Structure formats: structure tokens, C-alpha cells
Enquirer: 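Submitted below is the structure of interest, expressed as C-alpha cells.
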Amino acid sequence: MVASSFQILGTGQLLELQRRLRAAGHENIRASMQRRTRRAAEPLKNDLQQNIRSLQINSPGRRSGSRGGSSPTSRPLRATIAGAIRISVRTGQTPGARVWIDRNSLPPEMRNMPQVINTGRIRHPVYGNRRRWVTQTATPLWWDKTVRSHQPRMQAEVARVLDDVRRRLE
């Protein structure tokens, strides 16, 4: 199952720092902290978008005598999913950065596709014909593996941001 989002949270440290920033009234330090936290998450977002765009989705070969043709939809699946990947930085109760797929920006028939593709097995009717189904395969865990590869760098960057802000407050 794909994690629908990835969050960078150092909850205790971030909450304490947010309280101190609000109390001190340092709006420019707070804005800088948000900007740098977002910047730490940008490479992950870009890599996730690149991975889904270049993900190979394989299908079994056609049977002899079967007709083919172009897709009946004008929306390319992988590009649509890549366009729905977002970053949000929060400073309220749960401060941190979150990289997620905005399901509301996907067409209704594609809303569960990021999770389905992450399993590595895509089963669907052939051109909407519910009497004929096909199973396609993709590299499993494309989301999970990408997030795991970026996690140490992002955590180190957020820790560096926290240290810088703490130093500026003292």
C-alpha cells in the first residue's frame, strides 16, 4: 500500500521553535524557515514526478487477430499523476513538510491509480469492456523507494534549518 504522503516531522523541536518564533514576533525568520523547509522537499517532489513519468508499464502481448488502436482517453496517466504531486509546509499544530498526491486534482477514474501502480499490478477492463480484462505490470513501490532514498537528506536539511533558526533566536 502506498503511503499517500510523506512528512518531515521533528514534532517536538518544530513545535517548540514555532512557539518561540511567535512569541518573539520574528516573521522574517518564520518565513525563511518555511521557505527552507519547502526547498528541502523540492528534490523529492521532482524525483517522484520524474519517476512516475518514466515508469515502464508493461502489458502482455496481443493475441493474434486482436484489434489494436490508440487509447480512448486523451489524458496521459503518468503525466496526470505527476502533475498532482504537491508539497505543503505547515506551521500550526503539526509543523513540517508534506509531499503528497492531490487526489482531487486527478480525474475521478484515476484517483486510486497512484496506489494501484505502487503495487506493481494494474488490472483493468480492456477499453472499458468489463467482459475482457488485462493485467499490466509496473515497477512496484515506485513511491516508497523514492521517498526512502530521499529521507536521510531531507531529515538532515530540516535539522540544519532548525539549528540555524534556534541560533538566530538566541
Side-chain angles (χ1 to χ4, degrees), residues 1-58 75-122 137-170:
M1 189 76 175
V2 66
S4 60
S5 67
F6 171 71
Q7 299 181 30
I8 307 171
L9 300 172
T11 312
Q13 293 175 341
L14 285 171
L15 281 172
E16 176 60 29
L17 212 53
Q18 289 295 344
R19 277 190 216 108
R20 287 175 60 190
L21 283 171
R22 267 190 217 101
H26 290 285
E27 206 46 50
N28 61 344
I29 295 176
R30 222 167 115 201
S32 170
M33 179 178 155
Q34 287 177 321
R35 186 175 54 254
R36 289 179 63 191
T37 303
R38 175 178 291 278
R39 211 176 294 141
E42 280 290 335
L44 173 60
K45 176 189 171 196
N46 296 339
D47 205 12
L48 283 167
Q49 288 176 327
Q50 178 59 38
N51 284 353
I52 190 65
R53 281 188 182 111
S54 63
L55 186 69
Q56 289 292 318
I57 297 178
N58 304 312
R75 289 185 296 268
L77 172 69
R78 291 170 284 202
T80 304
I81 293 172
I85 297 174
R86 308 269 191 267
I87 297 175
S88 60
V89 178
R90 289 183 264 150
T91 59
Q93 291 293 88
T94 56
R98 181 175 167 221
V99 179
W100 53 290
I101 295 177
D102 182 8
R103 291 175 46 145
N104 290 329
S105 69
L106 294 173
E109 66 274 8
M110 288 188 192
R111 291 200 173 139
N112 69 338
M113 286 309 292
Q115 291 89 350
V116 171
I117 292 173
N118 198 52
T119 66
R121 185 173 177 264
I122 307 156
T137 58
T139 306
L141 305 175
W142 69 273
W143 177 275
D144 301 344
K145 288 177 183 176
T146 307
V147 166
R148 249 183 266 123
S149 70
H150 282 268
Q151 204 167 0
R153 180 198 53 77
M154 290 174 64
Q155 287 173 334
E157 180 62 29
V158 170
R160 189 170 29 256
V161 169
L162 291 173
D163 289 342
D164 290 350
V165 171
R166 204 175 288 120
R167 218 175 302 114
R168 285 175 71 178
L169 283 174
E170 293 170 357

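Treat the numbers as computed from the prediction; the structure is a model and nothing was measured.
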Enquirer: State the OG1-CG distance between T139 and N118, to the nearest 0.5 angstrom.
Expert: 10.5 Å

Enquirer: For atom CZ of R86, decide whether the heavy atoms of other residues, nucleotides or ligands shown that lie under 6.0 angstrom number more than 12.
Expert: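 Above 12, so yes.
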
Enquirer: When you measure from the side chain of R153 to the backbone N and O of A40, does any donor-acceptor pair fall under 3.5 Å?
Expert: yes

Enquirer: What distance separates I117 CD1 from W143 CH2, expressed to the nearest 0.5 Å?
Expert: 12.5 Å

Enquirer: Closer than 3.5 angstrom, by distance alone: can the side chain of R98 be matched with the main-chain N or O of S88 as a donor-acceptor pair?
Expert: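 Checking the backbone N and O of S88 against the side chain of R98, no donor-acceptor pair under 3.5 Å is found.
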
Enquirer: When rounded to the nearest 0.5 angstrom, what distance separates CZ in R103 from CD in Q115?
Expert: 5.0 Å

Enquirer: Indicate the atoms forming the closest heavy-atom contact of T146 with L44, along with that distance.
Expert: O-CD1, 3.9 Å

Enquirer: Tell me the closest heavy-atom pair linking I85 and K45, and the distance in Å.
Expert: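 Nearest pair, atom of I85 first, then K45: O-CE, 3.4 Å.
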
Enquirer: Could I get the full list of side chain to side chain contact (heavy atoms under 4.5 Å, CB included) partners for S149, not counting sequence neighbours?
Expert: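 By the side chain to side chain contact (heavy atoms under 4.5 Å, CB included) rule, S149 matches no residue at all.
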
Enquirer: Mind checking the CZ-CD spacing from R53 to Q50? Nearest 0.5 Å is all I need.
Expert: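 These two atoms lie 7.0 Å from each other.
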
Enquirer: Tell me if a side-chain donor or acceptor on R78 pairs with a main-chain N or O of S54 at a distance below 3.5 Å.
Expert: no

Enquirer: For P140, check side chain to side chain contact (heavy atoms under 4.5 Å, CB included) against everything at least two apart and list the hits.
Expert: none

Enquirer: Side chain of S32, backbone of N28: donor and acceptor closer than 3.5 Å?
Expert: no

Enquirer: What's the shortest heavy-atom distance between R111 and N104, and which atoms?
Expert: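 So the two residues come closest at NH2-O, 3.6 Å.
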
Enquirer: How many angstroms lie between CD1 in I87 and CG in D102, if you round to the nearest 0.5 Å?
Expert: 13.0 Å

Enquirer: Evaluate side-chain contact (heavy atoms from CB on, under 4.5 Å) for T37 paired with E157, printing each intermediate quantity in order.
Expert: CA-CA 8 Å; T37 303; E157 180 62 29; over 6 Å; no

Enquirer: Side-chain contact test, heavy atoms from C-beta onward, threshold under 4.5 Å: evaluate it for M113 versus L106 and give yes or no.
Expert: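 A side-chain contact under 4.5 Å is absent here.
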
Enquirer: Where do V89 and M33 land on the side-chain contact (heavy atoms from CB on, under 4.5 Å) test, with the steps shown first?
Expert: CA-CA 10 Å; V89 178; M33 179 178 155; over 6 Å; no

Enquirer: Does a side-chain N-to-carboxylate-O contact under 4.0 Å join D163 and R160?
Expert: no

Enquirer: What is the minimum heavy-atom distance between W142 and I101, and which atoms define it?
Expert: CH2-CD1, 4.4 Å

Enquirer: I need the I57 CD1 to T137 OG1 distance, nearest 0.5 Å.
Expert: 9.0 Å

Enquirer: Under the side-chain contact (heavy atoms from CB on, under 4.5 Å) rule, what do V99 and H150 come out as? Steps first, then yes or no, please.
Expert: CA-CA 12 Å; V99 179; H150 282 268; over 6 Å; no

